[in-house]
Amino acid sequence: MLEARLRFFLHKCVLPGQAKQLHAQLVVNRYDHLEPILVHQTLHFTKEFSRDVVSYVKRILKAFQSSKVSAAPKGLDTFSWGCLVRFLSQHRKFKETVALYIEMHNSGIPPSSHAVTSALRACGKIENMIDGDSIHAQALKSGLCGCVYVQTGLVGLYSRLGYIEMAKRAFDEIANKNTVSWNSLLHGYLESGDLDEARRVFDKIPEKDVVSWNLIISSYAKKGDMSDATSLFLTMPLKSPASWNILIGGYVNCREMKLARTYFDAMPQKNSVTWITMLSGYTKSGDVQSAEELFTQMSKKDKLVYDTMIACYAQNGKPKDALKLFSQMLESNSGFQPDEITLSSVVSANSQLGDTSFGTWVESYITEHGIQIDDLLSTSLIDLYMKGGDFDKAFKLFSGLDKKDTVSYSAMITGCGINGMATEANRLFREMVEKKISPNQVTFTGLLSAYSHSGLVQEGYKCFNSMNDYDLEPSADHYGIMVDMLGRAGRLEEAYELIKSMPMQPNAGVWGALLLASGLRNNAEFGEIACSHCVELETDSSGYLSHLANIYTSVGRWDDARNVRKAMEEKKLSKTLGCSWVQGSDH
DNA sequence: CTAGGGTTAG
């Protein structure tokens with residue numbers, strides 16, 4: 001009785017909000033025991049993505065799987081299976097899609113075109129050629145390969161995986177090609193990087209739709225060819241929000257924020273993606289202020305907008321602001337649930353602040369809310385734990401990574417560097433090289449600082465010189481660490497020579513390292529040289545000058561020390577005067 | 001079939 005009523009409602013229920021209500025009703029009524037046919041109807045009418053529904057489906061599937069063959073979904077026919085498979089694929093659960101398709105096949109259910117196209121799409125997304133091929137074979141056997149949708153799905157699969165000849169063959173076999181078939185082939189040429197052939201295909205499409213245009217424009221935009229992208233954009237007859245977003249994203253990638261902003265302002269119906277594209281552009285170019293302005297201007301912020309803004313703060317050295325916004329996100333009753341993406345930025349912010357106790361909070365938050373730790377979140381946690389000296393946890397996380405990459409190795413090596421664990425840093429470095437994971441500038445910063453902190457000058461030199469072997473030019477920062485290392489070892493002359501040999505302008509950090517070392521060794525000669533450069537490079541010179549004064553004092557040059565301090569006082573005075581004068585003119 | 005969010009140094 002109840003089921004019949006529910007079923008009736010489900011049929012009527014096209015509005016997502018209602019679907020949610022009904023879903024709640026299903027939960028209350030122990031949905032695990034409802035007949036499967038009800039399941040696919042729920043899915044069929046639940047138009048909007050919702051975590052609840054996904055977990056709901058997962059539970060249903062688990063029930064199916066754990067109940068062995070005998071209880072294999074009675075009444076779940078080809079159509080129902082197809083709906084389930086399609087549902088998962090539509091919600092980007094691609095691994096699950098393929099798994100479910102295989103489950104269906106193993107249950108002896110003949111595939112529907114729905115199931116096949118969804119499974120093919122999923123295989124393409126997760127680059128699973130093996131299952132993709134067998135699905136192709138099954139489609140052939142079931143006589144589904146005469147269906148345009150299935151054939152187009154094959155073109156899509158082979159295109160995505162870079163088998164452009166096979167894609168072309170599948171395309172040629174389609175009797176009644178539709179625009180989606182053409183677009184899939186176009187996608188294939190774009191994926192394989194053959195822009196010329198892609199352009200020829202594009203020109204041949206009889207009825208180009210907005211996706212055809214968007215595909216070709218996005219390929220020009222990705223290449224950085226914004227003049228072609230823009231002229232095509234201006235030519236296209238009907239623009240979708242995606243078209244605008246592609247163009248804006250293209251300008252953002254070229255760091256042309258002015259132009260990006262022009263199109264952003266001109267865009268009629270901006271959506272959340274548009275705003276996020278702009279925010280991330282400002283984030284990458286370090287323009288936190290503009291990002292902030294846009295963020296406050298935005299009326300209906302979704303969770304991804306918060307994620308973007310938090311990341312913006314975290315990436316631009318404003319960890320406190322990142323945390324403030326994060327707590328706002330938690331406090332506002334918007335129902336935004338932080339996930340692994342939000343947390344990776346938040347952990348990074350805490351790490352920058354040196355608040356290592358935060359790790360425990362995150363841990364309990366993760367277990368409480370069932371968030372799955374992925375490699376990126378692990379990496380930020382590794383950084384946090386290494387900085388806090390919690391090596392056990394860091395190493396455990398590190399060994400548990402799905403795929404160790406340059407960033408995670410660098411985080412480990414940097415952590416070793418901070419804690420003076422040069423041997424371990426070196427071991428990790430050799431390990432990553434053996435695994436053909438290429439080190440970058442950050443890796444060497446960490447490694448060099450490990451040698452520097454342990455006073456291993458010989459090793460440091462070897463490491464510094466080996467950077468060329470990895471096609472890396474030492475940056476001013478790397479020179480700075482070397483100067484620091486040599487200086488601490490008392491080799492001031494050598495450090496000075498190294499600075500003079502630098503191919504780029506030494507920055508204040510480099511000279512500062514020499515100044516610091518001069519202080520440790522009470523060497524006024526190099527202290528003077530270093531300090532004069534520092535004063536030249538930085539607006540606030542008081543710290544450098546007082547350091548020099550200390551050096552003078554320690555070597556007994558009282559007059560010089562006094563002169564420096566006097567100069568400092570005068571500078572301070574003129575600054576205050578200047579300030580009060582500016583303030584005075586305001587009124 | 002097209003558009004958006006994350007991790008390592010300074």
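Letters go in sequence order (proteins before strands), and every chain restarts at 1.
Interface remark: the A/D302 side chain does form a donor-acceptor pair with the B/dG4 base, using a distance-only criterion of under 3.5 Å. Taking 3.5 Å as the limit, the base of B/dT7 and the side chain of A/S344 contain no donor-acceptor pair of atoms between them. Residue A/D374 places a side-chain atom within donor-acceptor reach of the base of B/dG6, judged by atom type and a 3.5 Å distance cut-off alone. For B/dT7, the base has no donor-acceptor partner in the side chain of A/S380 [N/O atoms by modelled type, under 3.5 angstrom]. No hydrogens or angles were tested; on distance alone, a donor-acceptor pair under 3.5 Å links the side chain of A/S272 to the base of B/dG4.
Aromatic rings of A/F171 and A/W182 (six-membered ring for Trp) have centroids within the 6.0 Å cut-off, being under it.
The backbone N or O of A/I341 sits less than 3.5 Å from a side-chain atom of A/D339, completing a donor-acceptor pair.
When the C1' atom of B/dT8 is taken as reference, atom CG of A/L401 falls 12 Å away, rounded to whole Å. The CH2-P distance, from A/W244 to B/dG4, rounds to 17 Å in whole Å. What separates CG of A/L447 from P of B/dG10 is a distance of 14 Å, to the nearest Å. Between A/I341 atom CD1 and B/dG5 atom P there is a gap of 10 Å when expressed in whole angstrom units. As a whole-Å value, the separation of A/Q372 CD from B/dG6 C1' is 14 Å. Separating the CZ atom of A/F233 from the P atom of B/dA3 is a distance of 15 Å, rounded to the nearest angstrom. Look at CG on A/L397: it is 15 Å from C1' on B/dT8, rounded to the nearest Å. Spacing between atom CG of A/N253 and atom P of B/dG5 amounts to 9 Å, rounded to whole angstrom units.
Within 4.0 Å of A/K387, counting heavy atoms only, lie sugar-phosphate atoms of the nucleic acid but no base atom. Within the 4.0 angstrom heavy-atom criterion, base atoms lie near A/D477. Within 4.0 Å of A/I248, counting heavy atoms only, lies no atom of the nucleic acid at all.
At a threshold of 4.0 Å, the pair A/K435-A/E431 counts as salt-bridged, since one of the basic side-chain nitrogens sits closer than that to a carboxylate oxygen. Ion pair A/D392/A/K396 not flagged as a salt bridge, since none of the NZ, NE, NH1 or NH2 atoms sits closer than 4.0 Å to an Asp/Glu carboxylate oxygen. A salt bridge between A/E165 and A/K168 is absent, with no side-chain N of the basic residue lying under 4.0 Å from a carboxylate O of the acidic one.
Side-chain proximity of A/S348 to B/dT7, B/dC1, B/dA3: nearest is B/dT7. Closest to the side chain of A/V442, from the set B/dA3, B/dT7, B/dT8, is B/dT8. Minimum atom distance to the side chain of A/A411 is reached by B/dT8, of the listed B/dT2, B/dG5, B/dT8. Among B/dA3, B/dT7, B/dG5, the nucleotide with an atom closest to any side-chain atom of A/N271 is B/dA3. Of the candidates B/dT2, B/dC1, B/dG6, the closest approach to any side-chain atom of A/I246 belongs to B/dT2. Side chain of A/K284, nearest nucleotide from B/dT8, B/dG6, B/dG5: B/dG5. Checked against B/dG5, B/dG6, B/dC1, the side chain of A/S184 finds its nearest nucleotide in B/dC1.
Side-chain N/O atoms of A/Q352 include none lying less than 4.0 angstrom from OP1 or OP2 on B/dG10. OP1 and OP2 of B/dA9 both lie 4.0 Å or more from every side-chain N or O belonging to A/Q441.
A cation-pi arrangement is absent between A/K404 and A/Y409, since the terminal nitrogen or guanidinium carbon is not both under 6.0 Å from the aromatic centre and inside a 45° cone about the axis.
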